[in-house]
Structures are given as C-alpha cells and as structure tokens.
Student: 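This structure is in structure tokens; I'll ask about it shortly.
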Amino acid sequence: PQKTGKSETEMARELGLQRIIRMASNENAWGPSPLAVKAIQNAAAETHLYPAGNGAKLRKSLATRFNVSPDEIILGNGSTELIDLIARTYLSPEQNAITADQTFPLYWLAVTSVNANCIQVPTRNHAFDLPRMRDSIDSNTRLLYIANPNNPTGSMVSRPDLEAFLTNVPGNVVVVLDEAYMDFADPNEFPNGLNYLKRYPNIIVLRTFSKVYGLAGMRLGYAIACPEIITNLNRVRMPYNTSLMAEAGALAALEDQAHVQKCIEFNRQEREFLTRELESRGIRVLPSAGNFLLMLLSNVDELHKRILTTGVFLRPTAWFGVPNGLRITVGKHDENMAFLDAVDRP
Ligand SMILES: *Cc1c(COP(=O)(O)O)cnc(C)c1O
C-alpha cells in the first residue's frame with residue numbers, strides 16, 4: 001500500500017501548526033474555475049439519480065474540443081482508474097508491460113495487480129529512455145506506459161524522439177501516453193499524443209481534470225483512443241464509474257479556458273521563480289515541464305522533516321524510484337515564499 005503516513009490535518013494538529021501549505025500532490029494551487037464549483041453545486045440537487053449515458057454530454061464536449069468522435073473517448077474515476085482498467089483489459093499473467101524506473105508508481109501497481117510483469121527500464125538523465133524501452137519489447141509485451149511530461153522528474157519526451165519511437169513499436173503493443181501535465185509544457189515543443197492517433201491506432205492518450213482544471217477531488221479523467229480500444233475498455237469498465245457531480249464540474253471547467261490559461265501562466269512564472277531561487281541556494285532541480293519540481297538532494301529526510309515542521313508538505317520520491325528526490329508542487333507566490341523561508345531556516 002502507498003505509505004501516505006499521517007494525514008496532513010493530523011500532522012498539523014500534532015505540530016500545532018496554524019497554517020498548512022499543500023505542495024505534495026501536484027494539485028492546482030489556484031483552485032478550480034468558479035464556474036465548475038457552481039455547476040457541481042447545481043448538480044448536487046440531482047444526486048439521487050445515477051449518471052446517465054456513460055457521460056455522453058461530457059464526452060460530446062471533449063470530442064468537439066479535440067476533433068474526435070465520442071466513441072473514441074472513455075471517462076474514468078480519475079485517469080488513474082483508466083491506468084488500472086487498461087492493465088486489466090490488456091494484460092494476462094505471464095505477459096508484460098514496460099515503463100520507466102523513475103515514474104508514476106501506479107503503472108507498476110496496475111500491472112503487477114493482474115499478475116503480469118512490469119519491466120522498469122532505467123531512465124536516462126531522469127527521462128524516459130525510449131530506444132531502450134523499444135529494445136525491451138518481447139513477444140509477451142502488450143503495453144507500454146509513458147508519462148509525458150513525467151512525474152516525478154518533470155522531463156518531457158521530445159517530438160522527434162516520440163515520433164522515432166512510435167514508428168518502431170509493433171502495432172500489437174498498446175502505447176499509453178499519460179498526458180496529465182501536458183498543459184504546463186511549452187505547446188511549441190510538446191508532442192501532443194492526439195496528433196498521432198490517426199496514424200498509430202495502438203495509442204491511448206490519458207488526460208485528467210485533476211491538474212490544470214483543479215478538480216482533483218472530483219475524480220475525473222478520460223482516455224482518447226481508436227473506437228476498437230475504447231470498446232475493449234468499456235467491456236471491462238464497471239457502469240457508473242464517474243459521478244454526476246464530477247461530470248457537471250468537468251463540463252463547466254472545459255468552458256472556462258480563461259481560467260486554464262491563467263493557471264498555466266501563473267504556473268510558468270512561479271516554476272521559473274522557484275527554480276531560480278533553489279538554484280541560487282545550491283539545490284539541484286531538474287528542468288520541469290509540469291506544475292512541480294524535483295529537487296535532488298543528499299539529505300532528503302533531513303530537509304523534508306525540517307520543512308514539514310513549518311507546515312509545508314512536500315513529497316519524497318523513493319516510491320517513485322528516486323530515493324534522493326524531494327518533489328514540490330508549484331504554489332502561489334506566497335506559498336513558494338513560505339517554502340523558501342523554511343529552506344532558509346537553520
Ligand atoms: C496526477 C497524475 C495523474 C492524474 O490522476 P487522476 O487519477 O486523474 O487524479 C495521472 N498521471 C500522472 C502521472 C499523474 O501524476
């Protein structure tokens with residue numbers, strides 16, 4: 001089980017903290033769109049009803065936005081449900097899936113929970129090593145999981161690297177491109193997985209409302225893939241896996257692109273600010289295309305504990321395959337200042 005330890009509220013009570021600052025889970029520091037909150041409140045009055053039609057309204061809105069058909073979309077209770085659903089749909093014992101050693105642990109968890117093998121290919125400079133992942137494919141490989149941008153390292157697979165990789169992956173291996181953080185990457189550089197779906201029908205693109213849309217507590221993610229893959233996933237999915245309120249919130253959040261753009265811009269500014277400030281203190285930070293930064297330290301435990309006592313919650317990344325890493329979610333300016341103050345305290 002994921003060792004989350006004591007809850008943040010419990011810790012705060014124990015330490016007698018007045019204020020806690022959550023920088024541990026890559027939530028959106030600027031919160032959800034007020035329009036989404038309103039829509040969720042309105043939907044609450046209808047919660048005696050099951051959510052009808054497999055999220056048809058939201059799938060239709062997403063389909064229009066991304067210029068695909070609604071049958072190319074499946075909704076999940078967060079995109080993490082879909083990570084699991086994909087493993088349950090495509091893997092049997094003895095088969096394998098490939099991912100990296102320094103990445104989101106839920107790929108590994110989903111794969112091993114169906115008694116399949118998870119091949120964790122070492123990262124190269126803390127980034128997915130696609131040529132080596134390609135070379136690890138064998139006759140039992142069914143799935144590949146790639147987080148782009150990657151959590152916790154913040155690295156991004158470049159467009160030429162992704163394109164070279166996709167042409168070399170056999171068509172019977174399903175490539176999952178988890179793009180939870182894509183909105184925070186530079187759009188001129190980022191290789192948007194949706195652009196490759198027509199050419200490579202073995203791709204599944206995962207997206208979520210938990211990050212830039214600020215709806216992590218609502219639990220809503222989705223996958224976009226060819227209709228055949230979506231049909232396969234729907235055979236294994238339980239009915240009513242997403243909630244009426246989550247769908248209403250997501251639908252409204254999609255309409256508020258001004259809020260999204262504002263969050264992207266604030267994140268970019270604060271990510272740069274934090275990077276500069278940490279580097280000026282001699283702390284090594286990896287370049288990040290996400291809403292978080294990974295610090296590489298020789299004293300993770302010491303720094304983590306010291307910062308925790310000031311009420312700032314960070315994520316040590318041993319569970320993500322980076323034992324010397326401490327991940328910080330980009331916060332609002334005053335939160336980042338409070339974190340830096342904690343770093344500076346003796
Ligand atoms: C946060 C995150 C997600 C999103 O998970 P949800 O279940 O949609 O909240 C997916 N993939 C990665 C790599 C993440 O870090």
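Because the structure is predicted, anything quoted here is derived from the model rather than measured. Just so you know, ligand 1 is whichever comes first in the structure, and atom 1 is the first atom listed for that ligand.
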Student: Side chains of Gln261 and Glu265 only: does a donor on one sit below 3.5 Å from an acceptor on the other?
Tutor: no
Student: Can you list everything that forms a side chain to side chain donor-acceptor pair (under 3.5 Å) with Arg22? Sequence neighbours excluded, please.
Tutor: Glu8
Student: Would you mind checking if Glu10 and Arg13 are paired as a salt bridge, meaning a charged N to carboxylate O distance below 4.0 Å?
Tutor: no
Student: Could you tell me whether the side chains of Asn96 and Asp138 share a donor-acceptor contact shorter than 3.5 Å?
Tutor: yes
Student: Let me know which protein residues bring a heavy atom to under 4.0 Å of ligand 1; chain then number is fine for ordering.
Tutor: Gly78, Ser79, Thr80, Phe104, Tyr107, Asn151, Asp178, Ala180, Tyr181, Thr208, Ser210, Lys211, Arg219
Student: Are Asn26 and Arg315 linked by a side-chain donor-acceptor pair shorter than 3.5 Å?
Tutor: no
Student: Tell me whether the rings of Tyr222 and Phe209 are parallel (<30°), tilted (30 to 60°) or perpendicular (>60°).
Tutor: tilted
